2 protein chains.
Amino acid sequence: MLNYSTSEENYIKAIFHLQGEGSVNTNKLAAELKTRPASVTDMMKKLRDKKLVHYQAYKGFRLTTEGKKLALLIIRRHRLWEFFLAEKLRFSWDEVHEVAEDLEHVSSKKLVDKLDEYLGFPRFDPHGDPIPDANGKIEPTKQVCLTDLALNKPGIVCYVSDQSTEMLELLSHKNIGMGTRLEIKKRFQFDQSLEIRVKQQTETISEVLARNIYVKI
Amino acid sequence: MLNYSTSEENYIKAIFHLQGEGSVNTNKLAAELKTRPASVTDMMKKLRDKKLVHYQAYKGFRLTTEGKKLALLIIRRHRLWEFFLAEKLRFSWDEVHEVAEDLEHVSSKKLVDKLDEYLGFPRFDPHGDPIPDANGKIEPTKQVCLTDLALNKPGIVCYVSDQSTEMLELLSHKNIGMGTRLEIKKRFQFDQSLEIRVKQQTETISEVLARNIYVKI
DNA sequence: GCATTTTTTTAGGTTTGTCTAAAAATATAT
DNA sequence: ATATATTTTTAGACAAACCTAAAAAAATGC
Ligand SMILES: [Mn+2]
Ligand SMILES: [Mn+2]
Ligand SMILES: [Mn+2]
Ligand SMILES: [Mn+2]
C-alpha cells in the first residue's frame, strides 16, 4: 500500500462515510470537509489518477476497490486510537475524536497492528462503531430497537422511525439525536418505560418513544 | 503555545541538537535535515519572524528562549512515544525512532501529558536519553564514556551517541543494549580496544565503538 | 592585500492544496 | 420548451515547502 497525504486520506474517509448514505457529490463532500467545491474537483482529479475513485466530470464519484481498502485502513487507525485514548489514557468518549483525527494519519503498518494486539483486538470504538481488522473486514453492526437493547450495553442512536416535529422536539428535549450514545439503566415492568443514561444525565423514555428509536450495538 | 507545522518542528529540533555541539550554520543544518542550503535560509527567515530563532543573514542562528521551549516539547513527545513503543508495544529499541519521528508532531497537550502519566513518568527513553518533563525540564545525567570507565568497575549502558542502523546492528550482535550491565576486563594499549564482560560472555570493543557508548556508574 | 575557495543568500521555478470569480453543464419550474 | 436556479468545473492566484543556478558575502591562502 502506497503512502498518501493527510489531505488525500481525509477526502477518502469522507467519501466512504458519505457513500454509506447514498450518492456522493461535489457540494456534499465540500460541506463535509469544510472546504470549497472547486477544491473538491481538484482533488477528485488527483484521486482518479491514483485510481482511488471513479470520477467523470459532472457525474459524481465513488470509491474504487482500492479506495475502499484505503478508507477502511484509515478508519481502522482512527478507531483503534480512539479506543486507546479512552481505555488506556482515560479520555472521556467525547474528547477522543479530535486527537484520533491526527493520529489516524501516522501510517506505520507495524504500529497499527501492534497497537491492535496491545489493546486486545477490540471490535468497537468508544462510540460503538466497529473497528476494521487488519484485512479491512468490519463486523456487520446489528441495529436493534431501543425496546430490545440489553441493560447496561451501550447503543448509538442511528434511526428514528417517526420523524414528526413532535417526535424530534421530544428527542431534542431529552438531549437525544442521531449518533447519541446511550445505555439503559433500568427497565420498569409496570409500563415498560426505560431509565437511560445519556450524556452524563439520566432520562426517562416511555415505551411509545422507545419503539421509535433504533440503536447500533 | 501556538501550533507549528511538521517542517517547522523538524527544523527547531535539529537546531536544538546541533546547538549542543557548537554553532549552527546553514550547511550543517541542511546536511542534518537532508535538504538544501537555500531551503534552510527560507525557513530561517520564517522562524525568525515567528521569534523562534535569532537570525541575521550570514551570521548563523540559534534558538530563542521560545524556540528552546518548543524544541524541548517536541523532544518530550518524541521520547515519550519511543518509550511507549518499546515498553508497551514491544518494539525493539532500534525500531522506535522512525515511528516516533511521525508521532512527535501530534500536538495535543492533553495527549502528551496523559501518555506521560500512563507510562509512569519515565525519565529515560529506550536509547537512554532523558525525557523532558511537562515544564521542559531535563534531568542532568552523570554518565561516563566507555573509553573512560575504570577496569573491573561495573557500568550500565545508558546512551549511545550514534544511533545509526549500522551501529545498533553491531551492538545487538554483541548483546549490548540500553540498560546492559558490563565491566571492562582489559584495555589494549596498541589500539585502545577493550575486552569487556557482558552477560557472562566476553566481547571485544573497538575504540571507535567505545567512543559512542556511555554508561551510568 | 589580493586572489581563490567556501558559505550563504537571492532569484526564479515546482508541487500540493487551498481559494475566488466566472463559465459551463445540469436540474427545475412554469 | 424555455427561462431560471443550482451544481460543477475551469481559470487564475496564493501560501508552504521544496528545488537549481547564479550572485554575493565571508573565509582562507599566499
Ligand atoms: Mn484526519
Ligand atoms: Mn469513533
Ligand atoms: Mn519528525
Ligand atoms: Mn531516542
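We use all heavy atoms of the structure for the numbers below, so side chains are in, but hydrogens, waters and symmetry mates are not. Each chain gets a letter, A, B and so on, in the order the sequences are listed, and its residues count up from 1. These numbers come from a predicted model, not from an experiment.
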Atom pair distance, as rounded to whole Å: [atom1] in [X] and [atom2] in [N]:
X: A/Met44; N: D/dT10; atom1: CE; atom2: P; result: 14 Å
X: B/Phe61; N: C/dT8; atom1: CZ; atom2: C1'; result: 10 Å
X: B/Asp42; N: C/dG13; atom1: CG; atom2: C1'; result: 12 Å
X: A/Gln56; N: C/dA25; atom1: CD; atom2: C1'; result: 14 Å
X: B/Asp49; N: D/dA15; atom1: CG; atom2: P; result: 14 Å
X: A/Arg36; N: D/dT10; atom1: CZ; atom2: C1'; result: 17 Å
X: A/Arg48; N: D/dT9; atom1: CZ; atom2: P; result: 9 Å

Under 3.5 Å, which donor-acceptor pairs do the side chains of residues 48-60 of chain A form with other protein atoms, sequence neighbours left out?
| residue | atom | partner | partner atom | Å |
| --- | --- | --- | --- | --- |
| A/Arg48 | NE | A/Tyr55 | O | 3.3 |
| A/Lys50 | NZ | A/Glu8 | OE2 | 2.7 |

Can you give the donor-acceptor pairs under 3.5 Å from side chains of residues 15-22 of chain B to other protein atoms, not counting sequence neighbours?
| residue | atom | partner | partner atom | Å |
| --- | --- | --- | --- | --- |
| B/Gln19 | OE1 | B/Leu63 | N | 2.6 |

Who passes salt bridge (charged side-chain N to carboxylate O under 4.0 Å, His left out) against [X], sequence neighbours left out?
X: B/Lys109; answer: B/Asp113
X: B/Lys45; answer: none
X: A/Arg211; answer: A/Glu207

Taking N or O atoms only and anything under 3.5 Å, show me the protein contacts with nucleotides 6-8 of chain D, one pair per line.
| residue | atom | partner | partner atom | Å |
| --- | --- | --- | --- | --- |
| D/dT8 | OP2 | A/Asn27 | N | 2.9 |

Point to revise | Results of side chain to side chain contact (heavy atoms under 4.5 Å, CB included) for B/Asn27 - residues two or more places apart only | key: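 Partners of B/Asn27 by the side chain to side chain contact (heavy atoms under 4.5 Å, CB included) criterion, ordered by chain and then number, come out as B/Asn25, B/Pro37.
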**Study point:** Any residue of residues 3-16 of chain B with a heavy atom less than 4.0 Å from an atom of DNA chain C
**Key:**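 Hits under 4.0 Å, by residue number: none.
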Exercise for review: Verify the contact: side-chain N or O of A/Ser39 to OP1 or OP2 of C/dC19, cut-off strictly under 4.0 Å; return yes or no.
Suggested key: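 A/Ser39 to C/dC19 OP1/OP2: side-chain N or O found under 4.0 Å.
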Exercise for review: Under the ring pair (Phe, Tyr, Trp, His ring centres under 6.0 Å) rule, collect the residues that match up with B/Phe83, sequence neighbours excluded.
Suggested key: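 Counting only residues at least two positions away or on another chain, B/Phe83 forms no ring pair (Phe, Tyr, Trp, His ring centres under 6.0 Å).
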Review point. Taking the side chain of A/Ala38 as its heavy atoms from C-beta onward, which of D/dC19, C/dT18, C/dA21 lies nearest to it?
Key: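 It is C/dA21.
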Practice item. On the 0 to 90° scale, with breaks at 30° and 60°, tag the A/Phe84-B/Trp81 ring pair as parallel, tilted or perpendicular. Key: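 Aromatic pair A/Phe84/B/Trp81 classed tilted.
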Review point. Has the side chain of B/Glu98 got a donor or acceptor atom that lies under 3.5 Å from a matching backbone atom of B/Glu95?
Key: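 No, the answer is negative, given that no donor and acceptor are paired below the 3.5 Å cut-off.
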